[in-house]
Amino acid sequence: MAWIILLAAAAFEIAFALSLKPSEGFSRLWPTLAVLVFGITSVVLLAKTLDHLPVGTAYAVWTGIGSVGVVTLGIVLFHEPLTLTRMACIALIVAGVLGLRLSGSH
């Protein structure tokens, strides 16, 4: 169950990061509120997993999934460039996240 909560936390982390751009430096009310709600929800869910997962593993997986999600959605939603280097870096992050998950830590 902790891994499912961690995935939800990562999804909110992605929503948090993607909300930053439309907030336009926190000058727009609704996107700014979205940043706050998504960010707080993400951290609260992450904290709930720490009773069952090592903090290093949980944090690395949370940030890894968040990073891959934000880069991928940045490419799709904001037309950011997709290069071989970016794809290789995404693959390395995914390999690290999978490695931590499979390493036997809870």
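For the numbers below, each heavy atom of this structure counts, side chains included, while hydrogens, waters and symmetry mates do not. Worth saying up front: this structure is predicted, and the values here are computed from it rather than measured.
- Under the 4.5 Å side-chain heavy-atom criterion for Ile, Leu, Val, Met, Phe, Trp and Tyr, V43 and L36 are members of distinct hydrophobic clusters.
- Shortest non-hydrogen contact noted between I14 and G69 is CD1-CA, 3.6 Å.
- Transitive grouping of hydrophobic side chains (ILVMFWY, heavy atoms separated by less than 4.5 Å) keeps W62 and F16 in distinct clusters.
- V55 and I4 fall into different hydrophobic clusters, defined by Ile, Leu, Val, Met, Phe, Trp and Tyr side-chain heavy atoms under 4.5 Å apart, directly or through other members.
- Atom CG of L84 has 12 or fewer heavy atoms from other residues, nucleotides or ligands within 6.0 Å.
- Rounded to the nearest 0.5 angstrom, L18 CG and L77 CG are separated by 6.5 Å.
- Note that CZ of F26 and CG of L33 are 11.0 Å apart. Values are rounded to the nearest 0.5 Å.
- Both L82 and I93 belong to a single network of hydrophobic side chains, linked directly or stepwise wherever heavy atoms of I, L, V, M, F, W or Y lie under 4.5 Å apart.
- Side chain of S42 to main chain of A9: a donor-acceptor pair is present (N/O by atom type, distance under 3.5 Å, no hydrogens or angles).
- A donor-acceptor pair is defined here as one N or O able to donate and one able to accept, closer than 3.5 Å; such a pair exists between the side chain of T63 and the backbone of A60.
- The shortest distance between side-chain heavy atoms of F78 and L73 does not fall below 4.5 Å.
- Shown here for T49 and A2, the closest heavy-atom pair between the two residues is CG2-O, 3.4 Å.
- You'll find the side chain of R28 reaches within 4.5 Å of the side chain of P22, heavy atoms only.
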Note to self: Evaluate R86 against I75 for side-chain contact (heavy atoms from CB on, under 4.5 Å), listing each step before the verdict.
What the structure shows: CA-CA 10 Å; R86 290 182 103 190; I75 291 165; 3.9 Å; yes
| task | Mind running side-chain contact (heavy atoms from CB on, under 4.5 Å) on W3 and L53 for me, showing each step along the way? | result | CA-CA 8 Å; W3 285 101; L53 299 173; 3.4 Å; yes
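- Between K48 and H52 the shortest heavy-atom distance is O-CD2, 4.4 Å.
- Rounding to the nearest 0.5 angstrom, the gap separating the OG atom in S103 from the CZ atom in R101 is 9.0 Å.
- Linking Ile, Leu, Val, Met, Phe, Trp and Tyr residues whenever their side-chain heavy atoms come within less than 4.5 Å places Y59 and L100 in a single cluster.
- Residues S23 and V35 approach most closely at CB-CG2, 4.3 Å, considering heavy atoms.
- The structure places CG of D51 at 9.5 Å from CD1 of I5, a figure rounded to the nearest 0.5 Å.
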Discussion item. Using the rule given for side-chain contact (heavy atoms from CB on, under 4.5 Å), can you reason through V37 versus I40, listing the C-alpha separation, both sets of side-chain angles and the distance that settles it, and then say yes or no?
Written reply: CA-CA 5 Å; V37 169; I40 291 168; over 6 Å; no
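- With hydrogens and angles disregarded, no donor-acceptor distance shorter than 3.5 Å links the side chain of T41 to the backbone of F38.
- When side chains are defined from C-beta on, L45 does not count as touching L6, because their heavy atoms never get closer than 4.5 Å.
- Looking only at side-chain heavy atoms (C-beta outward), I65 and E13 stay at 4.5 Å or farther from each other.
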